[in-house]
Amino acid sequence: MEQYIEDYNLTKLTTPLLKWFHAHARSLPWRDEPTPYHVWVSEIMLQQTRVEAVKGYYDRFLKCLPDVKALSECPEDELLKLWEGLGYYNRVRNLQAAARQVMEDYNGIIPSSPKELLQLKGIGSYTAGAISSIAYQYPQPAVDGNVFRVITRVCADDSDISKPAFRKRVEKALREVIPEDAPGDYNQALMDLGAMVCVPNGRPHCEECPWELMCESRKAGTQLEYPNKPKKAKRKIEKKTVLIIRDGDHVLIQKRPKTGLLAGLYELPAMEGQPGRREIIEYVERLGFEPLHIKKVEDAKHIFSHIEWHMKGYVVSVAESTHLPKELLMVEFATIQREYAIPSAFSAYLKYIKTF
DNA sequence: AACGCGGGGTG
DNA sequence: CACCCAGCGTT
């Protein structure tokens, strides 16, 4: 049995893979017209994000920001609104920072070599490989989670895929066999095979796989043991109390800090822990409001990858205030919906803005 | 090398 | 519930 990628002859995989790809390639919006800008935007959206989730954002983003110049000039709040709900919001700030870099250093033309692409914010080894190979036919591997899964299974390589050294070994092995005349197809074929046949979550569909008879883990019946990835730490639980502070049809929102979780998005104000009504009222008064009425609403939970928010919720009706602190905004629901990016974590409570 | 960073689909 | 997803930047 093969054990390491270096012991496996990857050359024999290429022809069956490309033949399979030409018959079964997914039809995806960003494959219609794979310009460097289109590939770039799609690859950033696809980082740690499912294809199905990206489909709802890609066309709208390009329609609003059709080229590098438009992206480089877009106000941050509009940028975040276009990304609202997609997660990992630093991706879109880095994308814009990189667009400005491209305008300044490359006269608006996205560079083609992995080395230059790697200098741009938000572009790491995977994305550099994807852009250079798919948009520019540069013979560079693009190793993502799909490729790790497909390759470790076919070779029965039980190396820890979370180690950067293993990524480098996979890239080196693939660089030696990637077809010069179809590097983009080769990389996309590996990803499609991982997405459609050699799937995560559950058993792979080996009977449909072009590599069925060459796959070491298939021969051993050990497909589910790959890829070898250490388990993640348990999530931390944070208790908080979310306040829907409303006056008529306006509600209080505030901008989150520039760094950290959900940086730069807007949120409903919240208190640490689970204060009683007395403390909540005092808190609202300290914000500069006159509370008229307080009503408890349902609990909510939101799960991030590393944190869980366990939330209590209160609707606090307040008197119309003439002046409020600078960092606080009293906004109509329709305006929030149109202009302010609010993370999904608050979705359980946003409905009280509209219907109450 | 370890950790922070979203949100949702799936078994 | 746990796991994972077209990863990257920071420390």
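Throughout, a chain's letter reflects where its sequence line sits, starting with A, and its residues are numbered from 1. All values reported here derive from a predicted model rather than from experimental measurement.
Ionic pairing of A/K55 and A/E52 is present here: one or more N-O contacts between side-chain nitrogen and carboxylate oxygen are shorter than 4.0 angstrom. A salt bridge does not link A/R100 to A/E104: none of the charged nitrogens lies less than 4.0 Å from a carboxylate oxygen. A salt bridge does not link A/K240 to A/E238: none of the charged side-chain nitrogens sits closer than 4.0 Å to a carboxylate oxygen. A/E84 and A/K81 are joined by a salt bridge, as a carboxylate oxygen and a charged side-chain nitrogen come within less than 4.0 angstrom of each other.
For A/R149 and B/dT10, the CZ to C1' distance is 13 Å, given to the nearest whole Å. Taking atom NZ of A/K258 as the reference point, atom P of B/dC5 lies 17 Å away to the nearest angstrom. Regarding A/L80, its CG atom lies at a distance of 13 Å from the C1' atom of B/dG6, rounded to whole Å. Between the P atom of B/dG7 and the CD1 atom of A/I303 lies a distance of 12 Å, rounded to the nearest Å. Nucleotide B/dT10 holds its C1' atom 18 Å from the CE atom of A/M196, rounded to whole Å. In this structure, CD of A/E308 is placed 14 Å from P of B/dG7, rounded to the nearest angstrom.
Checked by atom type and distance alone, the side chain of A/R91 pairs as donor or acceptor with a backbone atom of A/I44 at under 3.5 Å. Looking at A/N187, its side chain never comes within 3.5 Å of a backbone N or O of A/I134 through a donor-acceptor pair. The main-chain N or O of A/Y314 is never found under 3.5 Å from a side-chain atom of A/Y349 such that the two would form a donor-acceptor pair.
Among the atoms of the strands shown, none is found under 4.0 Å from any heavy atom of A/S42. Within 4.0 Å of A/N187, counting heavy atoms only, lies no atom of the nucleic acid at all. At the heavy-atom level, A/I123 lies under 4.0 Å from the strands shown only through sugar-phosphate atoms. Among the heavy atoms of the strands, none lies under 4.0 Å from A/R93.
Nucleotides B/dG7 and C/dT10 have their C1' atoms positioned 22 Å apart, rounded to a whole Å. A gap of 22 Å separates the C1' atoms of C/dA6 and B/dG11, to the nearest Å. Spacing between C/dC8 and B/dG8 at atom P, rounded to whole Å, works out to 23 Å. Nucleotides B/dG6 and C/dC3 are separated by 16 Å at their C1' atoms, to the nearest Å.
Along DNA chain C, the stretch of nucleotides lying under 4.0 Å from any heavy atom of chain A spans, 5' to 3', C/dC1 to C/dT10.
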Take A/E332 and A/T335, measure what side chain to side chain donor-acceptor pair (under 3.5 Å) needs, and give me the verdict at the end. CA-CA 5 Å; A/E332 282 183 60; A/T335 307; 5.0 Å; no
Given side chain to side chain donor-acceptor pair (under 3.5 Å), test A/N146 with A/R149 step by step and report yes or no. CA-CA 5 Å; A/N146 286 308; A/R149 188 171 56 257; 2.7 Å; yes
Given A/Q47 and A/Y126, is the side chain to side chain donor-acceptor pair (under 3.5 Å) satisfied, shown in steps? CA-CA 9 Å; A/Q47 287 169 1; A/Y126 163 74; over 6 Å; no
Find every protein N or O atom lying less than 3.5 Å from an N or O atom of nucleotides 1-4 of chain B, and list the pairs.
none

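Checked by distance alone, A/S344 brings no side-chain donor or acceptor within 3.5 Å of a matching partner on the base of B/dG6.
Between A/N201 and A/L262, the residue anchored nearer the 5' end of DNA chain B, judged by the nucleotide with its closest heavy atom, is A/L262. Heavy-atom nearest nucleotides on DNA chain C were determined for A/P227 and for A/L120, and the one closer to the 5' end corresponds to A/P227.
Applying a 4.0 Å cut-off to non-hydrogen atoms, the residues of residues 46-57 of chain A that approach DNA chain B are A/Q48, A/T49, A/R50, listed by residue number.
Taking the six-membered ring where the residue is Trp, the centroids of A/F304 and A/W309 are separated by under 6.0 Å.
Between A/M330 and A/L252, some side-chain heavy-atom pair lies under the 4.5 Å cut-off.
Dashed line: the shortest gap from a side-chain N or O of A/H302 to OP1 or OP2 of B/dG7 is under 4.0 Å.
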